[in-house]
Every structure is written in C-alpha cells, then in structure tokens.
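These numbers come from a predicted model, not from an experiment. As the structure lists them, so they are numbered: ligands from 1, and atoms in each ligand from 1. In this chain, numbering begins with 1 at the start of the sequence shown.
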Amino acid sequence: MKKSALITGILGQDGPYLAKFLLEKGYKVYGLVRRYSNPNFDNLDYLGITGQVEYVEGDLTDESSLYNVIKNLRSEEIYNLAAQSFVGHSWEMAKLTTEVNALGVLYLLNSIKTFAPTTRFYQASTSEMFGLGHTNGYQDEGTPFHPRSPYGISKLYAYWMTVNFRESYNLFTSNGILFNHESPIRSLQFVTRKITDGVARIKAGLTKKLALGNLEARRDWGFAGDYVEGIYLMLQQEKPDDYVLGTGENHSVKEFVEAAFAAAGIAKWQDYIVIDPRFKRPAEVPSLKANPKKAKDKLGWEPKASFKELVKMMIEADLKRYGVS
Ligand code: NAP
Ligand code: G4F
C-alpha cells in the first residue's frame, strides 16, 4: 500500500517542491486547494507534476471543509503549508492572517484529533516568530520568541497549539521552524524574487528601475528544494519534535541585490535601485540567522545550495522567462 500525504498550500512555493519529493518516494499525494474560479497551477506545472497530484477542496478558514477532507482521506501524513504568508501584508490584513494562520491550524488539529489520531502532522512554523530574539546572533530551538508582525504572532499561536496537541493528546505533531527559503517559483512579492524578476526585466529593457524598502535587513536564505527534505524527515522520526532549518549564514537585502545584478552581468546596481518607503514595514526584523545544529544531528539534514548558487538559479530562471541571457 502506498503511503498517502495531504499537503495544504499545494499551489504555493513549498507545496510543489514537497509534492515532487513525496511523489518520487512513491507517496499518493493529495493537495488542498481553495474554491477558485481559476486556480493557478503554474508552480506545479513548472515542476512537471500537476497531473500527479489529486486535488481536494477546502479552506483553512472553514472548519467543516477541513473536517470532511481529513475524515475522508485519513492520510498517514499532513503537511500544513497553507498560510497568508506575506509578512508585509499582515499589518493591513491582521484578522485574515490570524484566521488562516492561527485558527486554521486549530481546526486542522481538532480534525486530526477527532478523525485521524494516528496521522502525523507538520506545521510550517517560521523564523519570523523569533523577531528580535536571538542567542549570540543566531536563533535555535531554545531562542526566546519576540515576533514583530501580525504574521509572526499568528504563527506563534499555531506553533504552541501544535506543541500543545502533542503534549495534551499524545498526537504526532511537529513544527519546522524554517528560515527564509526561495526558488524560481517564489511568489513575486517576496524580496528575492522581486529582485531577480526586476533585474531580468531591466536586462530585457522592460524597465529602468527597481523600487525596494529596507536594504539593511539580513536574512538566512536557502533553497526551498533542499528544505522539503528536512520537512519530510521530521515526520519520519520515532517521536514528534520541533526543528530549526536554515543555512547558518545570513546576507543583507543589499548583498542579494549586488549578487543578482552581478549574476545578470549588469554593472553598477546603484543606478537602478530606488528606495520607496511603501516597502518598509512598521516594525522590522533586522537579522535572522539559523543555528540548524539539531536538524543536522537528529535528522541528518543539511542544506545543499549556497547563497551564490541560489541567486544564480533564480536569476537564470527569470532571464529565461524574459527570453534574455
Ligand atoms: P506561499 O507560496 O505563500 O503558499 C501558501 C499557500 O497557502 C498558497 O498556495 C495559498 O493558496 C494557500 N492558502 C492561503 N490561504 C489559504 C486558505 N485560507 N485556505 C487554504 N489555503 C490557503 O508560501 P510558501 O513560501 O510556500 O510557504 C509555505 C508555508 O511555510 C507557509 O505556511 C509559510 O508561512 C511558511 N514558511 C515559509 C517560509 C519561506 O521562506 N518560504 C519560511 C518559513 C515558513 P492560493 O495559492 O490559493 O493563494
Ligand atoms: O522577502 P520578504 O518579504 O520575506 P520575510 O518578511 O523575511 O518573510 C518570509 O520569510 C519568513 C521566514 O523568516 C516566512 F515565514 C514568511 O512567510 C516569508 O516567506 O522580506 C525580506 C526582507 C524584509 O526585511 C523586508 O523588509 O526584505 C526586506 N525588503 C526590502 N525591500 C523587502 C523589500 N521585502 C519585500 N517583500 N519587498 C521589498 O520591496
């Protein structure tokens, strides 16, 4: 019998990479999609797996839809990747962000407890929960949380609910506390893809400027394709637990800009960047840098792509999209 997994957030960035990884392992993969007139399968198309996933309808804000899906499927594993995941919008849409990212997880956990108590559950937690918290400049599983955005706060609720269902009901529920991970199918609103898309548009002669916010923020950027293996490994352990995944190295937005223009063969990036206060946040997370030692020791997980390789991969994909090289 094939093992089965339900992935929420299947149409996003991580969903397709995880689905591909699980399909290659022989899993039957179900993907939760919201009710749409025109769902967008571009990211699954990009990885060539659209037809290999079975889609089920549901919405994280609709408890009964989740009850039905979980009751009907009773899959061995559930990976909850669905979220309002854009930090920048979470101030304007704090209620929606909370309903999806916090309450949605409570609904999932309640459904699992009621209908599928042997199902293993992965919650997509985030380094945004650390915010200002750090341990000697790094963040690990023991670092205190100090979130700086409604997004980070909503994810912290979900993190603790995931821990609480494990402790209260003995369910297999694990948090992956993932640092930023990117790819050629990263949504355009996130800074890395906004930069690589912008640089490709400049190279193609479609625009002359790229508007950004805070260039000094530092992030620990890895490749999404590497991180889904760590996610999978968390649910294969004997016991549920929480793990940080990251590279252990960080770079500023400015360094990403420099690397992206260099990879596209454009000199003097300063000629193209304008600072637009609209892209600055009411409260910033200045620096995130993982200490992924626990994941390495317990899961045997390590990221493969370097910062330079990640930038090159994203720039090459965007140049190709615009027909330039
Ligand atoms: P993403 O590209 O924004 O994908 C999120 C997915 O969630 C989208 O496909 C979206 O569906 C779906 N979704 C949103 N609201 C929903 C709802 N009410 N019901 C059902 N589905 C809903 O995010 P990602 O980068 O793949 O990240 C995956 C998860 O990891 C997210 O939970 C994110 O918060 C978390 N995370 C990401 C990173 C990172 O650096 N990428 C780091 C740490 C944690 P539509 O396509 O229909 O809009
Ligand atoms: O790319 P970002 O929007 O990602 P952010 O806020 O770090 O969040 C991402 O990573 C989290 C993990 O730490 C995930 F949980 C979350 O779902 C998401 O995937 O912004 C990165 C940095 C920020 O400091 C932001 O202020 O880039 C800075 N930035 C500067 N100019 C910009 C811009 N960000 C965006 N999106 N757009 C800009 O023009």
For ligand 1, protein residues within the heavy-atom limit of under 4.0 Å are G9, L11, G12, Q13, D14, R34, Y36, D59, L60, L81, A82, A83, S85, V100, A124, S125, T126, Y151, K155, L178, F179, N180, H181, R186

Shared hydrophobic cluster, L18 / L73 (ILVMFWY, side-chain heavy atoms < 4.5 Å):
no

F307 with I195, same ILVMFWY side-chain cluster at under 4.5 Å:
yes

Answer with side chain, backbone, both or neither: which part of [X] has a heavy atom less than 4.0 angstrom from an atom of ligand 2?
X	value
E284	side chain
L288	side chain
R278	neither

Nearest heavy atom to [atom] wins, so pick from [options].
atom	options	value
atom 7 (O) of ligand 2	K254, R281, R219, Q84	R219
atom 33 (C) of ligand 2	L210, V257, L178, V191	V191
atom 4 (O) of ligand 2	N180, L215, V87	N180

Which atoms of ligand 2 have any heavy atom of V253 under 4.0 Å away?
27 (O), 28 (C)

Atoms in ligand 2 flagged as close to R186, the criterion being non-hydrogen separation under 4.0 Å:
9 (C), 18 (C), 19 (O)

Less than 4.5 Å apart, side chain to side chain, heavy atoms only: is that true for E216 and K254?
yes

Transitive ILVMFWY cluster of F86, excluding itself - 4.5 Å side-chain cut-off:
F190

Establish, for the pair [X] and [Y], whether the NZ or CZ atom is under 6.0 angstrom from the six-membered ring centre and no further than 45 degrees off its axis.
X	Y	answer
K268	Y272	no
K289	Y138	yes
K194	F279	yes

Checking the N or O distance criterion of under 3.5 Å, is ligand 2 in contact with K194?
yes

Any N or O of T192 closer than 3.5 Å to N or O of ligand 2
no

Can you see whether [X] engages [Y] through a side-chain donor-acceptor pair at a distance of less than 3.5 angstrom?
X	Y	value
T119	E76	no
N175	Q123	no
S183	Q13	yes

For the side chain of D220 and the backbone of T247, is there at least one donor-acceptor N/O pair under 3.5 Å apart?
yes

